[in-house]
Amino acid sequence: MSNTLPKNFEPQQVEEKWYKHWTEQGYFNSTPDDRKPFTVVIPPPNVTGVLHMGHTLNETVQDVLVRKARMSGFNACWVPGSDHASIATEAKVVQLLEKEKGIKKQDLSREEFLKHAFEWKDKYGGIINHQIKKLGCSVDWNRVTFTMDDHYYQAVIKVFIDLYNKGLIYRGARMINWDPQAKTALSDEEVEYKDIQGKLYYVRYKVANGAGDESILIATQRPETIMGDTAVCVNPNDERYQHLKGKKVIVPLVNREVPVIFDEYVDPSFGTGALKVTPAHDINDYNLGLKHNLPAIDTLNEDGTLSAAAQVFVGMDRFEARKKAVEQLKAEGLLMKEEEYQTRLGFSQRTNAVVEPRISTQWFVKMREMADDALNAVTSGDVKIHPEERFLATYKYWLENVKDWCISRQLWWGQRIPAWYLPDGTFVVAATREEAFQEFQNQWAKAGNQSNSTANDHSPFTIDDLTQDEDVLDTWFSSWLWPIEVFNGISQPNNPDINYYYPTSVLVTGQDIIFFWVARMIMAGMEYMKEKPFEYVYFTGMVRDKQGRKMSKSLGNSPDLLELIDRFGADAVRFGIMISAPAGNDLLFDDSSCEQGKFFNNKIWNALKLLKMWETNGIASYDRSKEGFEKATFAATWFQARLNQVKNEVEALYKEFKLSEALKTIYSLIWDDFCSWYLEWVKPPFGQPIDQHLYNSTLDYFEQLMQLLHPFMPFVTEEIYHHLRDRENGNDLAISQFGDLGEQQAVVSSLQDNVVLLLGNSLKDAITAIRDVRNKNNMKPKDAIKLYIQSDNQKGYELVADILAKQVNADEVNFVADAVAGCITTVVGKDKFYIQSEVAVDANVQKDQLLKELEYQKGFLEAVNKKLSNERFVQNAKPEIVENERKKQNDAAQKIKAIEESLATLG
RNA sequence: GGGAGCAUAGCUCAGCUGGUUCAGAGCAUCUGCCUUACAAGCAGAGGGUCCGCGGUUCGAAUCCGUGUGCUCCCA
């Protein structure tokens, strides 16, 4: 331990040193034992991504909870890992291959592409882990899991097969959301809707065999889909179109005759009341088509260009085709009107391409039953959501209205769907080609095709005829197993880890993935573990910039985490994000809060320096009477009481997940109570030795404060912990247990905590009031005063008189029974303080102040009197309330008396 | 269109089951201090019709209704 501490706290060296030490000691590694587990699984970030401020918030919250649990007797286990993020990663790999190596995806085989993708993953996947380390996260690095690890891959396949066998997965042609850029299907949740200024086109459809120019006017937003029209629909009650019953109309551009159908679905007041029906390209039209048995003509290719079926504009992009279609309709005199129209369009969450409703054969999960289980888990209170009021309703609504989940993606990066096809299109679901072949044979045999010899393979197909489904599974179809499979719970059911760590304790995540992930994890948990995956879900808010804008790459308003850590230190960044993060609310993040954290580091560091200086100056052991001891150690007695009080407050705040409040409370305890009050109270005169009791107590308190703060700011606290006292190897704050430090209180006092706290408050109030007087009267800090106290509680003030004298620079403190002439008076509560000074004072200043106070107290008293004279109040209010009012009445009267007396002495 | 939430000091927010220890905190502002832990600091101070309007109540920032404004989710 050295006394040559640097002027300021230097985070860079300290952080690296401690993180290395903690991990080398294995403090973050967990294996099952007799203690209760506290399990957290990290929401796996995208493997190729970097941590943004949202992650920073999430990881910090988790680390706070995990460290707190580790220090509270739990076997804390925090599992890190990452997600393969199929669409996002594949898009990135495709893009980079083209840019860096000039390779196109279509020129690669599946195997070649995957090889590139894994290379990419190995190269960039480490960034996230590095960032998590830099932040100080206490994750178990022995448990790093990736959603494409072998065991995880197998688990996903196993679950797919199981759900298929249970009839919960099916394959079929449905209207799905198609991303023409990524060329894959999307789930409903992957589509984001935005308000767009569009146009409504009024197009004339001629009536077939109609008299002369007879036609029907149709309003559409998508004239480029006209070629796919297979009917025109009107409301059966619409007077205007009764005459069209049984008639046909001619679709423009392609001149196809289609029927006019009648359905109440059509809103007669919208547009012209006539709707063109394009079953292949609109979900509502699709449903109408099913109902009326209409053909669906798919006029689009998978990349969003027009297909041969469109007959015109073939190969043209859909938006280009829209322009052309409008031009041509105009030329043909069929376009009657264009009008501006506010509409909502679906965009792909990943590529931001306009999503195309498309009929396509995909794999789906039936959600109804599993959704019910997931709903029960939450409504029964088994899984508790924080903050509940905000998210419970959203959660319920989604689950009650859940639709089947489209899980197939036309991509290569991900778990390949374990379905095997024969050339005729029939398929089986099986983990391997061999199993699939066996299954086919069984089916073939069962169907009565008994082989006529002893040979076991007489089916008309060979194993080489089998082809595997080309598609992979939605990323979330693997993520939903996360809390189970990070402990190998699917691949090796009932292993010791899963039995010990599951269900996990708390899931910390953003509210934006409540459906994608949280709800589905609960489903998977209930389905495969018959138990919830976590006890609590804690939703953090969204991190926005100072102006309230969402942080995003395109706006460039998201700070780089490593750079922030570089500038402020990890503790300061953690402080910055936590201090501005009220539970569940969005938070406006600004660098300045990190700066505040840095200042805080420095403040603590300087308190350490002060203690080191005392050590150098010497420690004295005084012999004292009991009274003398209590007097000398009042500050310590008070701080002990205050510390106990705050510890309880913080504990309560943790229980409610009010982490930001907890940090504020600790911050204020350290800065205000410890540094500003306590240390000043016990500080010996310059160069003098400090009382041994006080010194030891101060060390104890400092230790406990560091322990209290450690979950939030692990590095600086660990560093200081080791500076405070010499520690044996293995005695580190990171694994210290709450309650173990400072249990044997250094200062034993006969005074009750609440008495001490009250007296402490009076002392603080008196100091502040007297300092205010000094300030207002322009006294220099060096100008000493003489102080006279007139109080009912002389005994109490005697105990703290030395502190008071020091804090207000009084060279004399006396107790008096009457007003002292020639003094400035200040009234604190019922007590009067007379300040005598050499400096000439302006009586008006304090007179004004006293008058102001008098006015307030009189108004206050009047209000109380009014209340107490109200019979209905006295009758109806609770007795203790009335009693309290009487007390207030009495207090106010006394205060007024004290002030008036003081005013009298001023003349 | 359906649902949820929010509105308190210049800014960001606390205020649990209604009652002047309830009108608060942190930033920001102003004043005075380079006091040998810390000027990245210390000591003080000022600042609010608790969004508008109704209601319930002895009593409303708090409960109810309504209007306005904002945010989010869903179609």
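As a basis for the values below, the full set of heavy atoms in this structure was taken, side chains included, without hydrogen atoms, waters or symmetry mates. Note on naming: letters A, B, ... go to the chains in the order of the sequence lines (proteins, then strands), and numbering restarts at 1 for each one.
- Partners of A/Glu356 under the salt bridge (Lys or Arg N to Asp or Glu O under 4.0 Å) rule, at least two apart in sequence or in another chain, are A/Arg222, A/Arg318.
- For the segment residues 603-610 of chain A, the set of residues with a heavy atom within less than 4.0 Å of an atom of RNA chain B comprises A/Lys603, A/Asn606, A/Ala607, A/Lys609, A/Leu610, in numerical order.
- In this structure A/Lys683 satisfies the salt bridge (Lys or Arg N to Asp or Glu O under 4.0 Å) test together with A/Glu680, sequence neighbours excluded.
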Atom pairs under 3.5 Å, N or O on each side, protein against nucleotides 1-3 of chain B: can you list them with distances?
none

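- The side chain to side chain donor-acceptor pair (under 3.5 Å) search around A/Asp772 returns A/Lys776, A/Gln849, not counting sequence neighbours.
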What nitrogen or oxygen pairs link the protein and nucleotides 17-20 of chain B at under 3.5 Å?
| residue | atom | partner | partner atom | Å |
| --- | --- | --- | --- | --- |
| B/U20 | O2 | A/Tyr856 | OH | 3.0 |

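- By the side chain to side chain contact (heavy atoms under 4.5 Å, CB included) test, A/Asp783 is found to be paired with A/Arg774, A/Met779, A/Lys780, A/Val839, residues two or more places apart in sequence or in another chain being considered.
- Not counting sequence neighbours, the partners of A/Thr343 by the side chain to side chain donor-acceptor pair (under 3.5 Å) test are A/Gln221.
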**Q.** ring pair (Phe, Tyr, Trp, His ring centres under 6.0 Å) between A/Tyr701 and A/Tyr678, worked out
**A.** CA-CA 10 Å; A/Tyr701 301 154; A/Tyr678 173 76; 5.6 Å; yes
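- A/Phe715 is linked by a ring-ring contact (aromatic ring centres under 6.0 Å, His included) to A/Trp22, counting only residues two or more places apart in sequence or in another chain.
- Scanning for side chain to side chain donor-acceptor pair (under 3.5 Å) contacts around A/Asp792 gives an empty result, with sequence neighbours left out.
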Q: Give the dot-bracket string for RNA chain B, reading 5' to 3', where a pair is Watson-Crick or G-U wobble with both distances under 3.5 Å, ( ) marks pairs inside the strand, [ ] marks pairs crossing earlier ones, | marks a partner on another strand, and . marks unpaired.
A: (((((((..((((.....[....)))).(((((.......))))).....(((((..]....)))))))))))).
List every contact pair, protein side and nucleotides 24-35 of chain B side both N or O, where the distance is under 3.5 Å.
| residue | atom | partner | partner atom | Å |
| --- | --- | --- | --- | --- |
| B/G26 | O2' | A/Gln596 | NE2 | 3.4 |

